[in-house]
Amino acid sequence: MVAGVVITAGAAELLARLQDQHGPLMFHQSGGCCDGSSPMCYPSGDFLVGDRDVLLGVLDVGDGVPVWISGPQYQAWKHTQLVIDVVPGRGGGFSVEAPEGLRFLSRGRVFTEEEQAELRAAPVITGADYERGQRPSARGQVVTDTASRTCPPGR
């Protein structure tokens with residue numbers, strides 16, 4: 001199964017350190033407020049997932065880190081795999097990595113036609129579904145080389 005979200009090795013390392021400090025974490029892909037389109041990382045339960053938010057996947061870091069996106073934003077970006085990366089700089093003040101001098105950053109990779117067909121066949125898990133106990137069948141893996149396959153961050 002193709003993952004809707006993956007994470008780079010550097011971002012996974014930071015995320016594991018943050019889990020040690022803060023406990024279970026989750027991401028919500030911002031829709032443009034608070035820090036552009038950065039994925040915001042919160043302690044689990046500190047951000048209320050909406051009934052229509054969509055679970056892109058659970059990252060295979062620690063006990064697993066769910067990654068959410070709003071329903072309308074998912075509709076606009078469902079053809080794209082979200083790649084969570086980390087870069088130097090200060091991110092949004094609400095995201096737990098803000099004091100680290102690093103910030104999480106979203107990159108994108110357009111799914112192939114075959115991957116899109118596979119994704120269309122899989123159920124979309126919304127916040128309401130997750131609350132009822134639905135979980136994805138696979139986790140988003142840690143990837144090492146994405147630079148040649150992703151869109152660069154905006155300037």
Side-chain angles (χ1 to χ4, degrees), residues 1-16 18-19 24-87 91-92 94-97 103-154:
M1 178 71 189
V2 63
V5 61
V6 295
I7 188 167
T8 64
E13 182 182 308
L14 174 60
L15 189 56
L18 292 169
Q19 284 176 318
L25 299 172
M26 56 88 68
F27 279 104
H28 193 277
Q29 176 60 44
S30 171
C33 76
C34 302
D35 195 23
S37 60
S38 294
M40 303 296 280
C41 186
Y42 303 101
S44 290
D46 278 11
F47 181 90
L48 296 179
V49 173
D51 285 350
R52 289 178 265 165
D53 285 350
V54 172
L55 181 66
L56 291 176
V58 177
L59 296 171
D60 196 16
V61 178
D63 290 333
V65 178
V67 180
W68 296 91
I69 191 169
S70 73
Q73 196 169 3
Y74 171 75
Q75 289 304 316
W77 291 99
K78 64 185 176 185
H79 66 284
T80 305
Q81 183 179 55
L82 187 71
V83 179
I84 297 179
D85 201 357
V86 65
V87 295
F94 299 114
S95 196
V96 296
E97 84 281 4
R103 68 182 182 101
F104 289 114
L105 176 78
S106 296
R107 299 183 191 275
R109 180 188 69 84
V110 176
F111 287 119
T112 65
E113 289 295 325
E114 294 81 19
E115 290 171 327
Q116 289 184 45
E118 189 177 326
L119 285 168
R120 283 190 296 273
V124 172
I125 299 174
T126 65
D129 298 328
Y130 197 83
E131 187 69 25
R132 289 190 294 269
Q134 281 191 334
R135 299 296 185 268
S137 59
R139 288 191 173 183
Q141 66 270 37
V142 177
V143 296
T144 55
D145 178 29
T146 61
S148 62
R149 302 178 312 151
T150 62
C151 299

Check the surroundings of atom [atom1] in [X]: do more than 12 heavy atoms from other residues, nucleotides or ligands lie under 6.0 Å from it?
X	atom1	value
Asp63	CG	no
Arg52	CZ	no
Glu131	CD	no

I'd like to know if the side chain of [X] reaches the main chain of [Y], judged simply by a donor and an acceptor atom lying under 3.5 Å from each other, with no hydrogens or angles considered.
X	Y	answer
Glu97	Leu14	no
Gln141	Asp60	no
Glu115	Thr112	yes

Side chains of [X] and [Y] in contact at under 4.5 Å (non-hydrogen atoms):
X	Y	answer
Pro39	Val67	no
Val5	Gln29	no
Arg120	Gln116	yes
Pro43	Val96	yes
Leu15	Phe27	yes

Roughly how far, to the nearest 0.5 Å, is [atom2] of [Y] from [atom1] of [X]?
X	Y	atom1	atom2	answer
Lys78	Ile69	NZ	CD1	12.0 Å
Leu59	Ile7	CG	CD1	5.0 Å
Thr126	Arg132	OG1	CZ	6.0 Å
Asp53	Tyr130	CG	OH	13.0 Å
Ser38	Ile84	OG	CD1	10.5 Å
Cys41	Arg103	SG	CZ	14.5 Å

Query - Centroid separation Phe47 to Trp68 less than 6.0 Å - result: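 No, the ring of Phe47 stays outside the 6.0 Å limit from the ring of Trp68, centre to centre.
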Query raised in the report: Does the pair Gln134 and Leu55 meet the rule for a side-chain contact (heavy atoms from CB on, under 4.5 Å), with working shown?
Result: CA-CA 10 Å; Gln134 281 191 334; Leu55 181 66; over 6 Å; no
Looking only at heavy atoms, which two atoms of [X] and [Y] are closest? And how far apart?
X	Y	result
Ala11	Val86	N-CG1, 3.6 Å
Pro66	Leu25	CD-O, 3.5 Å
Glu118	Val2	OE2-N, 2.8 Å

Query - Stepwise side-chain contact (heavy atoms from CB on, under 4.5 Å) test for Val65 and Gln19 - result: CA-CA 9 Å; Val65 178; Gln19 284 176 318; 3.2 Å; yes
Query raised in the report: Stepwise, does the side-chain contact (heavy atoms from CB on, under 4.5 Å) test hold for Leu18 with Phe104?
Result: CA-CA 12 Å; Leu18 292 169; Phe104 289 114; 3.9 Å; yes
